[in-house]
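Model, not experiment: these values are computed from the prediction. All values below were derived from every heavy atom in this structure, side-chain atoms included, with hydrogens, water molecules and symmetry-related copies excluded. Whatever order the structure lists them in is the order used to number ligands and atoms, beginning at 1.
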Amino acid sequence: MTAPPDSSHGRPAASVPLVPRPRFAAILPGSARLAAGTAVVAPDVPGVAPVVRRLADRLGAALGGAVAVHHPRHDRRWAARRPGRPVDVQLVLDSGRRAAEPPDDPSTPVDESFSITVDDHGVVLSAATPAGLRHASTTLLTLVERPESRGRPRPVDLPAMRVEDGPVFAWRGLMLDVARHFLDVPTVLAVLEVMADLKLNRLHLHLSDDQGWRVQLASRPRLTEASGSTAVNGDPGGFYTAADLRRIVHAAADLGIVVVPEIDTPGHVNAATHAYGELVPGGVPTDAYTGIDVGFSRLHADLPGTAPFVGDVLGEVAGLVDGPWVHVGGDEALTLEREEYVRLVRLALDAVADAGRAAVAWQEVARADPPPGTVLQLWDEREGAEEVVEAARRGARVLLSPASRTYLDLKYDADFPLGLEWAGHLPLRQAYEWNPLDALDLPDGSLLGVEACLWTETVRSRDDLAALLLPRLAAVAEVAWSPASSRDWAGFRTRLAAFAPRWTAAGLAWTRTPDVAW
Ligand code: TNX
């Protein structure tokens, strides 16, 4: 970031709290005042409407007073604005930069790049797509909001500046394990807001596991009747109704986040085998399981109930989300022979294809020779990476969640009260200082992105969740957005310290790690 000291703003520009780090930002001579009377001027097109709503709401809260929205075709205010008044914020869908046609394949990445110009005349946010305008708005909000003085709105004199930005990776995700412990809708909505501010764009929900089943399905009602209320340690469970999941999907979409639902098969299925004896040889349902071992449960390829179960469940779940992906799990089926594992995984992959969606799966699914376009999620650095690389050579895409960098359920250090240790500890700096492009020797273009994972064996409350998630999610977000060549730990610490008060203002019990001067 080109960032000379900024006298007009009263603070060095290096402390402008942008996380993730923009590709280019320069403070220029001049300034623009945003205050009550500032309006948002934007094109009246469907994808931009939620962006404008969020921008106007939050600008209004920061500046004091409602921020009006004008659509230029119906309103000449922008052109007629007189000097001396608060400036407006104009959103421009720049057709010159726009990809000619929306892609046929909805899983094709969209152009998320944007620019911001602040000068004496106003603020202009420009991008080729609504996604780009959303990130531009988020950047502007980060510059305008002072979360530490919440409740005291005031005018903001922004230094004149130019920002040009866009992500390295198309998939910047977070996985929440809502199976080991359930996370209710308000908690998920709060996490979505945090994600949007970090420009993350995929929420992967791990909806089923041995300890609980978290989505109510009309085709198999006993899943939640028998396994909705259980959780690790005998703690309270819970589940989403279809309407709950739709609420999450819609809220995410408004924030530019695609929900990727996961039904884990053919292992991690005790919640299912506890609900339906037809999935178990002999027909007797398994006992409920509330421990934290992995790898013991399984489906059976030769039982007549298995294929209809996999088909119905994945088909119904696919119908509850709007995005192009469904995650089929596939990890740690330790009691299955390879041949039966492959048969069972193929059932799941076929069910997702039949539903018109692309499959995402944990890395082990590389063994089942998945169809081109399948997204394989790498997590285990101990073994199996070569299989993923080979599958990528045959057309699979790769998502990186190496445990030692992205497993936000690992303890920060030995003394941290929450979290697991199987892959070591994960201090903030370790989550930050790595380059996804160096992780595997992948064919060009096959690396889709990076996803943080938050398994919830030890997470019993929203506070526990926030303590593990933040600040490390910010590190993963910057790794996924900003080129490795432009990142540096010292700069990240400074920017993060200025960014974090918004988490406090949102009531999140994040962790003040010892490596940052918070
Ligand atoms: C491994 S990662 C698992 C999960 C655990 C996690 C705990 C993966 C695909 N499987 O079942 O919750 O470790 O860190």
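Residues meeting the side-chain hydrogen bond (donor to acceptor under 3.5 Å, both in side chains) test with Q211, sequence neighbours left out: R180.
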Stepwise side chain to side chain donor-acceptor pair (under 3.5 Å) check, E262 with W362: CA-CA 10 Å; E262 178 187 351; W362 297 109; 2.9 Å; yes
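A cation-pi arrangement, defined by a distance under 6.0 Å to the six-membered ring centre and an angle within 45 degrees of its axis, is absent between R220 and F309.
The aromatic rings of F492 and W489 are tilted relative to each other, their planes meeting at an angle between 30° and 60°.
The residue from V194, L473, V450 that alone fulfils the side chain to side chain contact (heavy atoms under 4.5 Å, CB included) condition with L200 is L473. Among R405, R487, R472, the single residue meeting the side chain to side chain contact (heavy atoms under 4.5 Å, CB included) criterion with Y432 is R487.
When heavy-atom distances to ligand 1 are checked against 4.0 Å, the residues falling inside are R180, H268, V294, D331, E332, W362, W379, Y407, D409, L420, W422, W455, E457, ordered by chain and number.
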